[in-house]
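First the structure, in the form of structure tokens, and then the observations on it.
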Amino acid sequence: MMKRFLLLALAVLMMASTSLSAAPAKIEAELNLITPVASFVSVAALDAFKVWAKANYGIDVKTSYTAKGTQLAAGLIREWGSNPQADLIWGGETVLYDMMAADGFLIKHEAPKALLDRIPATMGAPKPMPLKDPKGFWTGTALEPYGIVYNEGLVTRRLRTTPPKTWEDMLNNPKFKGQIAQCTPDNSSSSHATYEVILQKYGWEKGWEWLSKLGAYTGQFVAKSGDVPAVVAKGEYALGFAVPSYMAFENFLNGGDIRFIAPPGAYVTPEPIGIIKNCKNPNAAKAFIEFLLTDEGQKLFIDRGLFPVVPEMRVEGPPGSTAELAVTFYGGRRSYFEGTVENTYDNSLSQSRESEVNKYFRENIFAKLDTLKAKY
């Protein structure tokens, strides 16, 4: 009798433990996403999720997405308040997710523990970068560097110079003046994160001096991050600053004469995802996060030029596959967990001065471009 009681008690405990970390038992039939992640990845992920949700939950989920830079998306979420028009925000700089969580705009994702445990807590040195929120308000989904793109034909044949390999190379070559495209840091989290990389690398004063010269060398400030590799691929500009890698890879797959470089210390986002408080479809949102963390979800990223957030998985595929083209595009890299990743980006420092950086840029660079171009 005692043995039967102990077995029953153990079963109850196991069920309770599972319920704390398992996916929802039932999901809604709709899912709405707001994201800076380009349709090349986001639409493919939503389409694959619909198939997965049907197989795992027996539900035909209607999906939609709104394309917004992370800075703009976070601003919208704050404006929506208690009546959000999306269920999830996905992609960009993790600092913005920490800020939204701290201000009460996100809820815990409750992703299955077995999937979360596969993701390391941090990556990089000397400053470890978080890959998931220990409080559970966001988790990383895939790894993506923010670097430099260049048009190979324009740089090597028309300008007759060598492509940059470091941040410094962009501004040490006068042939690149007027040949750089970038997005403003208050519209793009990839730009904001890379501005912080420069500021934390050189210090506040020298960092802004470098960024001021970058402004003088800039031929165009485009509307959003995805426009930067697009104009470089078309040959309108030679270089693109702070470009999300998969956006450049999409242009590469479409025939653009474009190449990507992740300079030492480049910011690597874990493409965070979080569930918006008071959203209409919280269980479908939790299921979508679960899907992205499965092997199936990670392989979807691999085939679109992103790196898995799970160390056991690498970017690899049959000869001629999209995955192998990505390896060529990245100069042979297959994983961000092989070798040392340099990181000096400090999340707490960036979070503490996010508005200050954007304000300084607007007042001292964007508003004074003509003066800076004359100076440099």
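Along the sequence shown, residues are numbered consecutively beginning with 1.
Between the side chains of Asn364 and Ser212, no donor N or O sits under 3.5 Å from an acceptor N or O. A donor-acceptor pair shorter than 3.5 Å cannot be found between the side chains of Asp303 and Thr322.
Within the structure, side-chain hydrogen bond (donor to acceptor under 3.5 Å, both in side chains) pairs that include any residue of residues 227-244 comprise Gln220-Tyr237, Lys224-Asp227 (at least two apart or interchain). Listed by first and then second residue, the ring-ring contact (aromatic ring centres under 6.0 Å, His included) pairs involving residues 29-51 are Phe49-Phe288 (not counting sequence neighbours).
The side chain to side chain contact (heavy atoms under 4.5 Å, CB included) check on Ser352 picks up Leu349, with sequence neighbours excluded. In this view, Glu316 and Arg314 satisfy the salt bridge (Lys or Arg N to Asp or Glu O under 4.0 Å) rule, not counting sequence neighbours. For Lys175, the side chain to side chain contact (heavy atoms under 4.5 Å, CB included) partners at least two apart in sequence or on another chain are Arg160, Thr161, Asn173. Partners of Pro164 by side chain to side chain contact (heavy atoms under 4.5 Å, CB included), not counting sequence neighbours, listed by chain and number: Ile148, Asp169, Met170, Phe176, Leu239.
Under the 6.0 Å distance and 45° angle rule, Arg362 does not count as a cation-pi partner of Tyr360.
When the shell of 6.0 Å around NZ of Lys299 is examined, it contains 12 or fewer heavy atoms from other residues, nucleotides or ligands.
The backbone N or O of Thr218 sits less than 3.5 Å from a side-chain atom of Lys373, completing a donor-acceptor pair.
If you look at Tyr267 and Tyr195, their ring centroids are not closer than 6.0 Å.
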